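This structure is a prediction, so every number in the text was calculated from the model and none was measured.
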Amino acid sequence: MPVLFELQYNPPAAFFAELPGNDMLLLERHEHYHKQTYRNRCLILTAQGVQPLTVPVVDGNRSEKVLISALEIDYRQNWVHRHWRTLQTAYGSSPYFAYYADYLHDIYVQKIPLLFDLNLALLHLHLRCLRLRIPVEFTAAYHPTYSPTAVRDRRDWLTPKAPISPEPDRTSVRPYPQTFGAPFVSGLSILDLLFMQGPAAGSFLV
């Protein structure tokens, strides 16, 4: 069965934990942009605690009237430098930051114009790093609902506004050692897991 998600910026590990066992990852291409979601932000762990990294978009006041596939990133703000420096500070000493840094940096320096295309490039990188082999397709039109027997609809299932609930099927990932010690912080970007566990990261998506 296909699993349907909105395309997110460096998604939480729970996004990827939902993929195994499904026939296809279906990405919503025909929705309008939603503010204050994982579409343009991710959560990382720093010495000061959990911190969001947000990609600014052009014409933020009107952004929710724009199709997600057409939304432009605002490069007038020096967000690429800020995100990269924050990631270096938070994870520079982690076991696998250097292992993935060049691949990640190569995407950032391209200054991809559209948020959807940036997120897609990052998603393909993460899937390769996690060794998750699943076909990726896009919606042909927007549908508010789907038959639960045809599609597993996970749109807006994950949100930065609230922590992931403790229900078994909502668990982020199996706990792993993190840079800034115990207790384990769930709900973080897949980058946290990759930088800490490297090639073994996929085994924690259970």
Side-chain angles (χ1 to χ4, degrees), residues 1-34 37-43 55 66-71 96 99-100 103-104 106-107 112 114-176 186-206:
M1 181 184 299
V3 59
L4 172 63
F5 270 103
E6 75 277 12
L7 190 51
Q8 303 173 7
Y9 174 63
N10 291 320
F15 176 105
F16 297 93
E18 284 292 294
L19 302 186
N22 292 285
D23 300 328
M24 176 196 303
L25 170 57
L26 188 60
L27 296 173
E28 179 58 74
R29 193 182 184 94
H30 294 275
E31 65 172 1
H32 285 85
Y33 171 68
H34 297 182
T37 67
Y38 285 128
R39 288 165 180 81
N40 73 320
R41 73 181 58 192
C42 66
L43 302 179
V55 179
V66 178
L67 284 177
I68 190 66
S69 57
L71 190 67
Y96 291 97
Y99 191 85
Y100 297 114
Y103 301 107
L104 194 62
D106 284 348
I107 293 175
I112 297 172
L114 301 180
L115 178 66
F116 193 90
D117 294 342
L118 170 66
N119 288 351
L120 186 61
L122 290 167
L123 174 67
H124 283 303
L125 172 62
H126 300 326
L127 290 173
R128 290 197 304 273
C129 293
L130 294 166
R131 300 190 178 108
L132 284 176
R133 294 177 176 85
I134 183 171
V136 178
E137 301 289 344
F138 305 97
T139 57
Y142 181 77
H143 299 286
T145 59
Y146 285 84
S147 167
T149 60
V151 175
R152 294 184 66 223
D153 190 347
R154 285 296 192 241
R155 290 174 298 182
D156 292 308
W157 178 65
L158 299 169
T159 171
K161 295 179 182 178
I164 296 172
S165 80
E167 299 170 26
D169 65 337
R170 297 290 300 270
T171 300
S172 174
V173 288
R174 182 160 53 89
Y176 54 89
S186 64
L188 298 177
S189 166
I190 191 63
L191 293 175
D192 188 83
L193 176 59
L194 285 171
F195 292 154
M196 295 305 299
Q197 294 298 321
S203 67
F204 287 81
L205 301 176
V206 295

For this session: Could you give me the CA-CA distance, side-chain angles and deciding distance for R128 and Y103, then say whether side chain to side chain contact (heavy atoms under 4.5 Å, CB included) is met?
Result: CA-CA 11 Å; R128 290 197 304 273; Y103 301 107; 5.7 Å; no
Exercise. SG of C129 to OH of Y96: how many Å apart, nearest 0.5 Å?
Worked result: 12.5 Å
Exercise. Can L118 and Y9 be said to form a side chain to side chain contact (heavy atoms under 4.5 Å, CB included), step by step?
Worked result: CA-CA 8 Å; L118 170 66; Y9 174 63; 4.2 Å; yes
Problem set entry | Check: N119 side chain, R39 main-chain N or O, donor-acceptor pair, under 3.5 Å | yes
Problem set entry | For V3 against L19, the heavy-atom pair lying closest together | CG1-CD2, 3.9 Å
Seminar exercise, completed: Output for pair (F204 CZ, M196 CE), nearest 0.5 Å, gives 10.0 Å
For this session: Output the distance between atom CG (L104) and atom CG (L122), rounded to the nearest 0.5 Å.
Result: 6.5 Å
For this session: Quick one: list whatever passes salt bridge (charged side-chain N to carboxylate O under 4.0 Å, His left out) with R29, sequence neighbours left out.
Result: none
Problem set entry | Smallest separation among heavy atoms of L115 and N40, with atom names | CD2-CB, 3.9 Å
Problem set entry | Heavy-atom closest contact (L120 atom, L7 atom, distance) | N-CD2, 3.7 Å
For this session: Measure the spacing between OH of Y142 and CD1 of I68 and express it to the nearest 0.5 Å.
Result: 12.0 Å
Problem set entry | Main-chain N/O of P199 paired with R131 side-chain donor or acceptor, under 3.5 Å | yes
Exercise. Taking all non-hydrogen atoms of both residues, which atom of V173 and which atom of L193 are closest, and how far apart?
Worked result: CG1-CD2, 4.5 Å
For this session: Specify the closest pair of heavy atoms between S189 and C42, including all atoms of both residues, with the distance to one decimal.
Result: CB-CB, 4.0 Å
For this session: Begin from the C-alpha positions of F5 and Y38 and carry the test side chain to side chain contact (heavy atoms under 4.5 Å, CB included) through to its verdict.
Result: CA-CA 11 Å; F5 270 103; Y38 285 128; over 6 Å; no
For this session: Decide, yes or no, whether a salt bridge links R155 with E31 under the criterion of side-chain N to carboxylate O below 4.0 Å.
Result: no
For this session: Run the numbers on T139 and L26 for side chain to side chain contact (heavy atoms under 4.5 Å, CB included), then give the verdict.
Result: CA-CA 7 Å; T139 57; L26 188 60; 4.0 Å; yes
For this session: Answer yes or no: is there an ion pair linking D23 with R152, defined by an N-O contact shorter than 4.0 Å?
Result: no
Exercise. Roughly how far, to the nearest 0.5 Å, is the CZ atom of R41 from the CG atom of N10?
Worked result: 13.5 Å
For this session: Working to the nearest 0.5 Å, report the span between CD of Q8 and CD1 of I190.
Result: 11.5 Å
For this session: Would you please classify the geometry between the Y100 ring and the F195 ring as parallel, tilted or perpendicular, with 30° and 60° separating the classes?
Result: tilted
Seminar exercise, completed: Nearest heavy-atom approach of L194 to H126 is CD1-ND1, 3.9 Å
Exercise. Does E6 reach the side chain of T37, with side-chain heavy atoms less than 4.5 Å apart?
Worked result: no
Problem set entry | Where at least one partner belongs to residues 188-206, residue pairs that pass salt bridge (Lys or Arg N to Asp or Glu O under 4.0 Å), sequence neighbours excluded | none
Exercise. Are side-chain heavy atoms of P12 and L43 found at a separation under 4.5 Å?
Worked result: no
Exercise. Testing L4, I134, L132 for side-chain contact (heavy atoms from CB on, under 4.5 Å) with L25, which one passes?
Worked result: I134
